[in-house]
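Everything below concerns the one structure shown next.
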Amino acid sequence: MGTELRRLRNYIDGEFRDAADGRTTEVVNPATGEVYATAPLSAAADVDAAMAAAEAAFPAWRDATPGTRQTAVLRIADAIERRADELLAAECENTGKPLELTRQEELPMMLDQIRFFAGAARLLEGKSAGEYMEGMTSFVRREPVGVCAQVAPWNYPMMMAVWKFAPALAAGNTVVLKPSDTTPASTVLLAEIIGGVLKELDLPAGIFNVVCGDRDTGRLMVEHRVPAMASITGSVRAGMEVAGSAAKDVKRVHLELGGKAPCVVFEDADIPAAVEGIRDGGFFNAGQDCTAATRVLVHESVHDEFVAALTKAAAEVKTGDLGDEDCFYGPLNNPTHLEKVTGFIERLPDHAKVETGGHRVGDRGYFFAPTVVSGLRQDDEIVQNEVFGPVITVQRFTDEAEAVRYANDVEYALASSVWTKDHARAMRMSRALDFGCVWINTHIPLVAEMPHGGFKKSGYGKDLSAYGLEDYTRVKHVMTAL
């Protein structure tokens, strides 16, 4: 007999539940390609139940003091920290990520982000009262928007859940969160942890709910009459569908979508440092990161030197499963995505050159070799479209103006980096680059205090920071006759 599959369940109004109609999906470990769990394939009845729970819980949570909300969110962080080993095991089985790397690189950031929003909950305020019309006093109230329908992606299931629920709860909203259908395990465990904290504090269970399911489940959530806001991290296609659905009843929308980050390397850059930073920023999490350093623009005078150094550095990067402490990244998320990444390499034009990698690794799981491709032109498919895999492309440029033109000439506008020792040039580039984030002589670090979000088809709204918290609030003007 085979090993019995783990049974994941929805978390609605403080209870774990199967889908009302009993349907399930299989959950696969991408490092092995084997099914290890089932999760509910939620439909309208399940979404209705979760939304009803969140709607019923909202008045009490909205009216709670900022201090009460801060205490609850801090307790959530503490509870997550106590059960870190369980969460890490669930996350790494769900994604195939290296266990120790996830422990070092993701868990501390998650805890810091939750605690940041706990503190920020007590700093929300409107403009001070003033008399802007004779005989009248005005002031501004900042209030939670209401129930939030949130859809998280599969590349960072645990951390992206935090980016969704932490600001929403801190601002006084209630939440219905859907994880990706390929990575629900850690989110379901988070629901158990958060639900326990809410119970200990005698707070309404419906403040936080998790509904598992597929794209249709997400669509039902966004189109539901109850949520005042829909928040999604995902593909441009998914974001456009969400925006279109939300427009039907004028829901507020928060979108963090794809990226195609340029890394502009000038002739005066510290080449070894640039190579190391871009290698790490391009291959971390198998390049499955919307801010990944995937599109390098190098001044023609140092192009060949840079390509040779990056190729050597990339060839030394190791991919492997969760128990391998020496590997830098794990597998791609699913077989469909492996096929997509492979397709970009198979369709390369004749003028492109695969310097290293470009192939699947092994025949078990969905691993892909660290890849560097040179000789590319601005209109090539792999330059214009998001690969979302461990693939770094390299182009050459002649001067600063051309570098800016190439960098901005894509539909995405999330993140970018500039590598130079010239401070004035760095400042010029930070102004000229049309991206929501510009790193200088580094790529990919994030901090809770600074906003994350893009322009153009990378979406709108900010994650992290006070800006992210404000996105989950609405502003009300109150005027009193004296």
Please determine if Lys97 and Glu106 form a salt bridge, counting it only when a charged side-chain N lies under 4.0 Å from a carboxylate O. yes
Whether over 12 other heavy atoms sit under 6.0 Å from Tyr36 OH: yes
Sidechain-backbone polar pair: Ser416 side chain, Cys437 backbone, donor-acceptor under 3.5 Å: yes
Derivation and outcome, side-chain hydrogen bond (donor to acceptor under 3.5 Å, both in side chains), residues Asp280 and His443: CA-CA 8 Å; Asp280 293 352; His443 194 105; over 6 Å; no
Should the heavy atoms of other residues, nucleotides or ligands under 6.0 Å from CZ of Arg17 be counted, would the total exceed 12? yes
Arg142: partners by salt bridge (Lys or Arg N to Asp or Glu O under 4.0 Å), with sequence neighbours left out: none
Checking the side chain of His254 only, and the main-chain atoms of Gly468 only, is there a donor and an acceptor separated by less than 3.5 Å? no
Gln113 pairs by side-chain contact (heavy atoms from CB on, under 4.5 Å) with which of Leu446, Asp463, Val447, Val162? Val162
Minimum side-chain heavy-atom gap Thr291-Trp439 below 4.5 Å: yes
Answer whether the closest heavy-atom distance between the side chains of Tyr329 and Gln288 falls below 4.5 Å. no
Side chain to side chain contact (heavy atoms under 4.5 Å, CB included) between Val175 and Lys164, worked out: CA-CA 9 Å; Val175 165; Lys164 298 298 180 194; over 6 Å; no
For the residue pair Asn333 and Asn155, establish whether any side-chain heavy-atom pair is separated by less than 4.5 Å. no
Taking all non-hydrogen atoms of both residues into account, name the closest pair between Ala77 and Leu111 and its distance. O-CD2, 3.4 Å
Quick check on side-chain contact (heavy atoms from CB on, under 4.5 Å): which of Asn334, Thr336, Thr342 does Leu338 satisfy it with? Thr342
Aromatic Phe344 / basic Arg347 pairing, under 6.0 angstrom, 45° off normal: yes
Side chains of Leu107 and Glu91, heavy atoms from C-beta outward: is any pair under 4.5 Å? no
From His359 NE2 over to Thr371 OG1, what is the distance, rounded to the nearest 0.5 angstrom? 7.0 Å
Closer than 3.5 angstrom, by distance alone: can the side chain of Glu26 be matched with the main-chain N or O of Val35 as a donor-acceptor pair? no
Answer yes or no: is there a donor N or O on one side and an acceptor on the other, between the side chain of Asn209 and the main chain of Val176, under 3.5 Å? no
Does a side-chain heavy-atom distance below 4.5 Å link Arg295 with Gln395? yes
N-O pairing of Asp471 and Arg252 below 4.0 Å: no
Side chain to side chain contact (heavy atoms under 4.5 Å, CB included) between Val27 and Leu5, worked out: CA-CA 9 Å; Val27 185; Leu5 299 181; over 6 Å; no
Derivation and outcome, salt bridge (Lys or Arg N to Asp or Glu O under 4.0 Å), residues Arg215 and Glu241: CA-CA 10 Å; Arg215 185 182 305 173; Glu241 289 181 3; 5.1 Å; no
Minimum heavy-atom distance between Lys251 and Pro227, given as atom pair plus value: CE-O, 3.1 Å
Mark yes or no for whether Asn94, through its side chain, and Ala185, through its backbone, hold a donor-acceptor pair below 3.5 Å. yes
Considering only heavy atoms from C-beta outward, does the side chain of Thr183 approach that of Met158 to under 4.5 Å? no
Is there side-chain contact between Pro98 and Cys327, with at least one heavy-atom pair below 4.5 Å? yes
Should Arg115 and Asp78 count as an ion pair when the cut-off is N to O under 4.0 Å? yes
Partners passing salt bridge (Lys or Arg N to Asp or Glu O under 4.0 Å) against Asp85 (at least two apart in sequence or in another chain): Arg103
Taking 4.0 angstrom as the limit, do Glu55 and Arg225 come out as a salt bridge? yes
Asp214 side chain to Thr25 side chain, donor-acceptor N/O pair below 3.5 angstrom: no
Not counting sequence neighbours, which residues clear ring pair (Phe, Tyr, Trp, His ring centres under 6.0 Å) with His452? List them please. Trp163
Could you report the tightest heavy-atom contact between Phe368 and Pro390, atom names first, then the distance? O-CG, 3.7 Å
Measuring only between side-chain heavy atoms, which start at C-beta, is Cys290 closer than 4.5 Å to Tyr412? no
Does atom CD of Gln384 have more than 12 heavy-atom neighbours, drawn from other residues, nucleotides or ligands, at distances under 6.0 Å? yes
Measuring from atom CD of Glu449 to atom CG of Leu464, what distance do you get when rounded to the nearest 0.5 angstrom? 9.0 Å
State whether Arg6 and Glu93 are salt-bridged, where the test is any N-O pair (Lys NZ or Arg NE/NH1/NH2 against Asp/Glu carboxylate O) under 4.0 Å. yes
In terms of heavy-atom contacts, Leu220 and Ala44 come closest through CD1-N, 3.6 Å
When rounded to the nearest 0.5 Å, the distance separating OH of Tyr156 from OG1 of Thr102 is 9.5 Å
Contacts of Arg23 that satisfy salt bridge (Lys or Arg N to Asp or Glu O under 4.0 Å) - sequence neighbours left out: Asp21
NZ (Lys457) with more than 12 external heavy atoms under 6.0 Å: no
What verdict does the side chain to side chain contact (heavy atoms under 4.5 Å, CB included) test give for Tyr460 and Val253, after you've listed the backbone C-alpha separation in whole Å, the side-chain angles of each residue and the deciding distance to 0.1 Å? CA-CA 8 Å; Tyr460 43 81; Val253 179; 4.1 Å; yes
Check for a donor-acceptor pair, side chain of Asn29 on one end and backbone N or O of Glu34 on the other, with a separation under 3.5 Å. no
As an exercise, state the distance from CG of Leu124 to OH of Tyr472, rounded to the nearest 0.5 Å. 13.5 Å
Carboxylate-amine/guanidinium contact Glu386 Lys260, below 4.0 Å: no
Within the supplied structure, the quantity of interest is the number of heavy atoms (other residues, nucleotides, ligands) at a distance under 6.0 Å from Glu316 CD; does it exceed 12? yes
By side chain to side chain contact (heavy atoms under 4.5 Å, CB included) - contacts of Pro59 (at least two apart): Arg62
Output the distance between atom CD (Glu355) and atom OG1 (Thr393), rounded to the nearest 0.5 Å. 12.0 Å
Which residue pairs pass the ring pair (Phe, Tyr, Trp, His ring centres under 6.0 Å) test with at least one member in residues 165-211, sequence neighbours excluded? Phe165-Phe208
Derivation of the side chain to side chain contact (heavy atoms under 4.5 Å, CB included) call for Met221 and Met51: CA-CA 8 Å; Met221 289 171 54; Met51 294 299 175; 4.0 Å; yes
Would you say CG of Asp363 has more than 12 non-hydrogen atoms from neighbouring residues, nucleotides or ligands within 6.0 angstrom? no
Looking at Asn10 and Asp18, would you say the former's side chain and the latter's main chain have a donor-acceptor pair under 3.5 Å? no
Interatomic distance, Arg219 atom CZ to Lys178 atom NZ [nearest 0.5 angstrom]: 11.0 Å
